[in-house]
Amino acid sequence: MVSAGRMLALAMAAFGLALATPAAAKGPSVRAVLATDEPLAHGEYLWDDEATSSGPTRIVVDLATEMLHVYRGGEEVGRAFILYGADHKPTPTGSFRILEKKRHHVSNLYGAPMPYMLRLTWTGIAIHGSEVEANAATHGCVGVPDEFAARLFEIANKGGEVLVTRNWRPDLYAGQLLASID
């Protein structure tokens, strides 16, 4: 006899749908990170337009530090302060693939604009442009500043890897504290 969970997984596989893998997934290897003189504040981001690294684009979302990191060939090319899911609608952790890209998207659940949408699940979780303000939250998505979202949208590929985790690489980022909220 096949369990209900196994049947769901088989049905999803038959239709080409993806499930997230466990949160213990390993992120990209990192060779270099962006330097900053000041901590990032809500709504701020870093982007290196001069980055010449080749290789696949990998995205890491760190829910504990509220940061999204973009790597290309192991070099960080972007970093942004994020919004993530509220306690009653948490952002899931795990390893995901970008299932869909859509420049102009509106949530069919909430009617909210989701510009530069990178879909991570078929249940409504995505990375998208947003007003990133202190003490704000999403319904499970990862919101990034609109300008950053546009840049990320340009280099991210359908099928690209995204890791959503907590406390990503404290050996590299521990000294780069968040700006205080006044």
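In this chain, residues are counted from 1 in sequence order. Hydrogens, waters and symmetry mates play no part in the numbers below; they use all other heavy atoms, side chains included.
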Donor-acceptor under 3.5 Å ([X] side chain, [Y] main chain):
X: T121; Y: I125; value: yes
X: R79; Y: W47; value: no
X: E154; Y: R151; value: no
X: T91; Y: G140; value: yes
X: T36; Y: E38; value: yes
X: K101; Y: A156; value: yes

So, taking the atom named [atom1] in [X] and the one named [atom2] in [Y], what distance separates them when rounded to the nearest 0.5 Å?
X: R97; Y: L118; atom1: CZ; atom2: CG; value: 14.0 Å
X: N157; Y: I98; atom1: CG; atom2: CD1; value: 7.5 Å
X: F81; Y: E66; atom1: CZ; atom2: CD; value: 4.5 Å
X: K89; Y: Y110; atom1: NZ; atom2: OH; value: 3.5 Å

Q.
According to a hydrophobic-cluster definition based on side-chain heavy atoms being under 4.5 Å apart (Ile, Leu, Val, Met, Phe, Trp, Tyr only), do L99 and M117 belong together?
A.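 No, no single cluster joins them.
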
So do the side chains of [X] and [Y] get within less than 4.5 Å of each other, counting heavy atoms only?
X: L172; Y: V33; value: yes
X: H69; Y: M67; value: yes
X: Y173; Y: E76; value: yes
X: T165; Y: L63; value: no
X: H42; Y: E133; value: no
X: V30; Y: Y71; value: yes
X: D48; Y: L34; value: yes

Which heavy atom of [X] sits nearest to which heavy atom of [Y], and what is that distance?
X: P145; Y: G43; answer: CG-O, 3.5 Å
X: T138; Y: G85; answer: OG1-N, 3.2 Å
X: I155; Y: T57; answer: O-OG1, 3.3 Å
X: M114; Y: C141; answer: CE-SG, 3.9 Å
X: W168; Y: P28; answer: CH2-O, 3.5 Å
X: S130; Y: G143; answer: CB-CA, 3.8 Å

Between [Y] and [X], is there a salt bridge with N-O shorter than 4.0 Å?
X: K158; Y: E100; value: no
X: R72; Y: E75; value: no
X: R169; Y: D62; value: no

Q: Compute the centroid of each ring, for Y116 and then for H105, and state whether the two points are separated by less than 6.0 Å.
A: no

(Q) If the test is side-chain contact (heavy atoms from CB on, under 4.5 Å), which one of V60, I127, V164 qualifies with L68? (A)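 One option only clears the test, and that one is I127.
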
Q: Kindly assign one of parallel, tilted or perpendicular to the pair H88 and H139, based on the angle between their ring planes and the thresholds 30° and 60°.
A: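 Plane angle over 60°, so perpendicular.
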
